[in-house]
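Please read all numbers here as calculations on a predicted model, not as lab measurements. In what follows, chains carry the letters A, B, and so on, assigned in the order in which the sequence lines appear, proteins first and then strands, with residues in each chain numbered from 1.
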Amino acid sequence: MEQETINKAESVREARIQKLTELVEMGINPYPYTFDKTAGAQELQEKYKELEAGGETEDIYSVAGRIMGMRNSGMFIDLMDSTGKIQIFSHKENLSEEKMKLLKLLDVGDMIGVTGTIRRTPRGELTIKSKDIKILAKSLQQLPEKFHGLTDKETRYRQRYLDMIMNKDVRDTFVKRSKIIREIREYLTNLGFLEVETPMLQTIAGGASARPFVTHHNALDMDMYLRIAPELYLKRLIVGGASERVFEINRSFRNEGIDLKHNPEFTMLELYQAYVDYNDMMVLLENMVSTVAQKVLGTMKINYQGNEIDLTPPWDRMTMLGAIKQYAGIDFSDKITVEEAKLEAKKIGIDADDCENWGKVLDRIFEEKVEPHLIQPVHIIDYPKDISPLAKPHRDNSRLTERFESRVNGWEIANAFSELSDPIDQRHRFELQMQAKAQGDEEAQEIDEDYINALEYGMPPTGGLGLGIDRLVMLLTDSASIRDVIAFPTMRNIKK
RNA sequence: GGGCUUGUAGCGCAGCUGGUAGCGCAGUUGACUCUUAAUCAAUUGGUCGUGGGUUCGAAUCCCACCAAGCCCA
């Protein structure tokens with residue numbers, strides 16, 4: 001019993017709670033309300049860049065942040081804030097007895113605020129000579145080791161706050177993510193696009209081919225779906241006409257597997273513009289993405305995992321059939337039945353027997369034989385009609401649609417069409433989807449009567465575009481996994 | 001869904017063909033007081049992912065499960 005008490009008291013957390021108690025006994029609130037911060041660490045580093053080693057000033061600042069290191073029994077503290085680091089020097093000549101006592105109760109990890117004068121030590125470190133120290137939050141948890149840091153991926157994803165404390169590049173990634181989204185928003189707003197919001201809870205999960213999450217509304221006693229895409233609602237807004245240009249930066253949800261490029265909830269940009277077609281969408285996309293890269297990174301040439309990728313417009317365009325012909329050696333322009341297509345797939349070692357239609361066979365061949373070759377940005381244009389139920393038929397080829405997918409590093413980063421606006425054709429396409437669903441295609445889309453009804457009032461010619469924000473952020477931050485660009489990625493629950 | 005790899009102290013890691021669980025950092029106590037991965041001395045801390053099995057004896061071998069990573073579909 002006695003032994004147990006001693007062991008407990010010696011645990012780090014218990015020891016820190018003990019210090020917490022001592023602070024309270026000294027009349028200090030370890031979790032105060034405000035701190036009047038007057039400068040950031042990086043700001044001071046730049047401002048006093050020219051101050052020579054050993055130089056002293058009378059300039060007083062108040063800084064605040066987390067203690068990342070302590071040397072000489074607290075005489076030197078490394079203080080980190082969101083902008084950078086600055087050293088704190090504390091000496092009994094400059095501090096009251098009470099503050100020296102407080103210093104003894106501080107630990108690595110604590111949040112503190114310091115007021116003092118700027119100097120540079122003889123060894124060359126910009127330092128604040130403290131005249132006053134306040135504790136802003138007592139940390140009860142021990143930070144990971146300073147030299148090797150936190151590297152365990154599971155801990156980093158599950159406790160992102162700790163990952164961020166320890167890894168500056170992680171903080172940088174999320175700052176960049178925010179800038180990327182801000183620049184997209186600004187780019188579109190400047191073009192006259194109206195930012196809108198549409199339902200995340202939907203009674204029909206439409207606008208894409210994916211399995212939805214199902215939930216239940218108690219008061220209405222009905223099942224609902226988390227949206228897999230905002231598409232059908234955004235086009236209703238184009239019908240409504242409050243703006244001829246709308247966009248939504250949306251969180252969507254797909255009940256599918258998790259891998260390097262997929263998270264069950266993800267962020268997408270969807271935009272719709274009246275009176276234009278998919279050609280205009282290609283131009284808009286490549287201009288927007290390259291501009292965002294230029295503004296956030298200062299360049300249109302990015303390096304992703306060792307590959308140099310040039311986002312400078314215009315991007316190459318290849319038809320899907322042309323790309324397959326080039327990389328898989330099959331010309332599908334005269335092989336028009338699903339049986340013929342499967343036969344051709346088999347000849348090059350691809351099993352497409354489970355594909356319900358011609359387009360799916362082509363899509364599979366594309367993924368396996370073409371995609372690995374596509375590193376530089378390219379618009380793959382003119383997708384098969386049977387896998388594009390929301391796209392307008394191609395004006396020159398009724399088997400195809402005016403749809404493109406933009407590829408960067410081989411990944412689909414955008415998907416866009418000349419939007420199908422003919423309500424009768426749209427109904428027919430939905431019916432084909434329902435047939436596929438009946439035959440076991442779990443991703444086939446359901447008929448959305450109200451959407452067709454909206455089209456029956458007349459939707460102008462419209463170009464639409466969806467852009468995967470997470471993947472764009474991966475590319476622009478050189479992140480290997482989508483989990484590195486989503487602050488709190490979906491993780492399996494740990495059963496205890 | 002399949003394969004491979006990983007899981008040992010708060011963190012980073014070692015632990016061989018089975019024989020009393022270790023190192024570094026962090027922590028604690030003290031020294032030192034212009035250091036910066038501070039230094040020096042002493043020192044605390046473990047359900048070895050979980051559950052079974054084999055064995056006189058399991059971190060180590062076997063099985064199942066849990067979690068993660070990578071590759072493949």
S.K.: Provide the distance between the two C1' atoms, one in G3(B) and one in U60(B), to the nearest whole Å.
M.R.: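 Each nucleotide's C1' atom is 24 Å from the other's.
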
S.K.: Would you kindly check whether a donor in the side chain of Glu154(A) faces an acceptor in the base of G69(B), or vice versa, at under 3.5 angstrom?
M.R.: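 There is none.
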
S.K.: Send over the distance from Asp484(A) CG to A68(B) P, rounded to a whole Å.
M.R.: 15 Å

S.K.: Do Ile302(A) and Leu297(A) have side-chain heavy atoms sitting under 4.5 Å apart?
M.R.: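 A side-chain contact under 4.5 Å exists here.
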
S.K.: Think Arg364(A) has a side-chain N or O under 4.0 angstrom from the OP1 or OP2 of A73(B)?
M.R.: no

S.K.: Both distances below 3.5 Å, Watson-Crick or wobble geometry, any strand: find the nucleotide opposite U17(B).
M.R.: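 When the pairing criteria are applied, nothing turns out to pair with U17(B), so the answer is none.
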
S.K.: Using whole Å, what does the distance between atom P of nucleotide G12(B) and atom CG of Asp163(A) come to?
M.R.: 11 Å

S.K.: Which whole-number value in Å describes the distance from Gln87(A) CD to A37(B) C1'?
M.R.: 14 Å

S.K.: Between U28(B), C11(B), A38(B), which one does the side chain of Asp107(A) approach most closely?
M.R.: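 Closest nucleotide to the Asp107(A) side chain: U28(B).
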
S.K.: For the C1' atoms, the ones on G18(B) and on A37(B), what distance do you get once it is rounded to whole angstrom?
M.R.: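 So the two C1' atoms sit 38 Å from each other.
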
S.K.: Could you tell me which nucleotide pairs with G46(B) by Watson-Crick or G-U wobble geometry, both distances under 3.5 Å, or answer none if nothing does?
M.R.: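 The answer is none; no pair meets the criterion.
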
S.K.: For RNA chain B, whose closest nucleotide is more 5', that of Thr490(A) or that of Met70(A)?
M.R.: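 Its nearest nucleotide lies further toward 5', so the answer is Met70(A).
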
S.K.: Quick one: which of A26(B), C34(B), A67(B) gets closest to the side chain of Gln142(A)?
M.R.: A26(B)

S.K.: In whole Å, what separates the C1' atom of C65(B) from that of C13(B)?
M.R.: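 Their C1' atoms lie roughly 27 Å apart.
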
S.K.: Which of the following nucleotides, G12(B), G69(B), C11(B), is nearest to the side chain of His148(A)?
M.R.: G12(B)

S.K.: Taking U8(B) as the reference, what is the distance to G1(B) when you measure between their P atoms (whole Å, please)?
M.R.: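 26 Å, rounded to whole Å.
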
S.K.: Check whether any side-chain heavy atom of Arg254(A) lies under 4.5 Å from a side-chain heavy atom of Pro264(A), and answer yes or no.
M.R.: no

S.K.: I'd like to know if Arg120(A) reaches the base of C34(B) with its side chain such that a donor and an acceptor end up less than 3.5 angstrom apart.
M.R.: no

S.K.: Does a distance-only test, which skips hydrogens and angles, find a donor-acceptor pair under 3.5 Å between the side chain of Ser73(A) and the base of C32(B)?
M.R.: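 When only heavy-atom distances are counted, Ser73(A) does reach the base of C32(B) through a donor-acceptor pair under 3.5 Å.
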
S.K.: Heavy atoms only, 4.0 Å cut-off, all strands: where does Thr151(A) land among base, sugar-phosphate and nothing?
M.R.: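 Sugar-phosphate, no base atom in range.
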
S.K.: Under a 4.5 Å cut-off applied to non-hydrogen side-chain atoms, are Phe366(A) and Leu321(A) in contact?
M.R.: no

S.K.: Any ion pair linking Lys134(A) and Asp132(A) (charged N to carboxylate O, less than 4.0 Å)?
M.R.: yes

S.K.: Think Lys153(A) has a side-chain N or O under 4.0 angstrom from the OP1 or OP2 of U5(B)?
M.R.: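 No, Lys153(A) has no side-chain N/O under 4.0 Å of OP1/OP2 on U5(B).
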
S.K.: Quick one: is Lys146(A) getting a side-chain N or O under 4.0 Å of the A26(B) phosphate, OP1 or OP2?
M.R.: yes

S.K.: With P as the reference atom in both, quote the distance from A38(B) to G27(B) in angstrom, rounded to an integer.
M.R.: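 Comparing P positions in A38(B) and G27(B) gives a spacing of 10 Å.
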
S.K.: Using the P atom in both, what is the distance from C48(B) to A59(B), to the nearest Å?
M.R.: 7 Å

S.K.: Set out, in order, the CA-CA distance, both residues' side-chain angles and the distance that settles ring-ring contact (aromatic ring centres under 6.0 Å, His included) for Tyr383(A) and Phe404(A), then state yes or no.
M.R.: CA-CA 7 Å; Tyr383(A) 269 64; Phe404(A) 70 90; 9.1 Å; no

S.K.: Which of the following nucleotides, U33(B), G12(B), A68(B), is nearest to the side chain of Met75(A)?
M.R.: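 The answer is U33(B), which lies nearest to the side chain.
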
S.K.: Taking only the C1' atom of each, what is the distance from C63(B) to A58(B) in whole angstrom?
M.R.: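 15 Å, rounded to whole Å.
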
S.K.: When both hydrogen-bonding distances must be under 3.5 Å and the geometry is Watson-Crick or G-U wobble, what is G30(B) paired with, if anything?
M.R.: C40(B)

S.K.: Mind checking who U54(B) pairs with, Watson-Crick or G-U wobble, both distances under 3.5 Å?
M.R.: none

S.K.: Whole angstroms only, please: what is the CG-C1' distance between Leu140(A) and A26(B)?
M.R.: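 Distance, rounded to whole Å: 16 Å.
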
S.K.: Between Thr121(A) and Gly149(A), who's closer to the 5' end of RNA chain B by nearest nucleotide?
M.R.: Gly149(A)

S.K.: With the side chain of Arg158(A) defined as its heavy atoms from C-beta on, choose the nearest nucleotide among A67(B), C34(B), U28(B).
M.R.: A67(B)

S.K.: Using purine N1 to pyrimidine N3 plus N6-O4 or O6-N4 for Watson-Crick, or N1-O2 and O6-N3 for G-U wobble, each under 3.5 Å, what pairs with A59(B)?
M.R.: none

S.K.: Closest to the Asp152(A) side chain: G12(B), U28(B), U33(B)?
M.R.: G12(B)

S.K.: So does Lys19(A) pair up with Asp107(A), basic N to acidic O under 4.0 Å?
M.R.: yes

S.K.: Find out whether Phe253(A) and Pro212(A) are in side-chain contact, i.e. whether some heavy atom of one side chain is under 4.5 Å from a heavy atom of the other.
M.R.: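 Of all side-chain heavy-atom pairs linking Pro212(A) with Phe253(A), none is under 4.5 Å.
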
S.K.: Which one, A68(B), G24(B), C34(B), comes nearest to the side chain of Phe89(A)?
M.R.: C34(B)

S.K.: Let's test this: given Watson-Crick or G-U wobble pairing with both distances under 3.5 Å, identify the partner of C23(B).
M.R.: G12(B)

S.K.: Check the distance between A31(B)'s P and Arg71(A)'s CZ and give it to me in whole angstrom.
M.R.: 21 Å

S.K.: Starting at atom CD1 of Ile17(A), determine the distance to atom C1' of G27(B), rounded to an integer number of angstrom.
M.R.: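 The answer, rounded to whole Å, is 15 Å.
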
S.K.: Mind checking if Lys129(A) touches a base, just sugar-phosphate, or nothing, with heavy atoms under 4.0 Å?
M.R.: nothing

S.K.: Which whole-number value in Å describes the distance from Phe76(A) CZ to C32(B) C1'?
M.R.: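 Going from Phe76(A) (CZ) to C32(B) (C1'), I get 12 Å.
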
S.K.: Picking from U36(B), U33(B), A37(B), which would you name as closest to the side chain of Glu125(A)?
M.R.: U36(B)

S.K.: Determine the interplanar angle of the Tyr61(A) and Tyr48(A) rings, folded into 0 to 90°, and report it as parallel if under 30°, tilted if 30 to 60°, perpendicular if over 60°.
M.R.: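 If you compare the ring of Tyr61(A) with that of Tyr48(A), the planes turn out perpendicular.
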
S.K.: Met166(A) has an atom CE; how far is it from atom C1' of G10(B), in whole Å?
M.R.: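 Interatomic distance, CE of Met166(A) to C1' of G10(B): 11 Å.
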
S.K.: Measuring only the C1' atom in each nucleotide, how far is U17(B) from G12(B)? A whole number of Å is fine.
M.R.: 28 Å

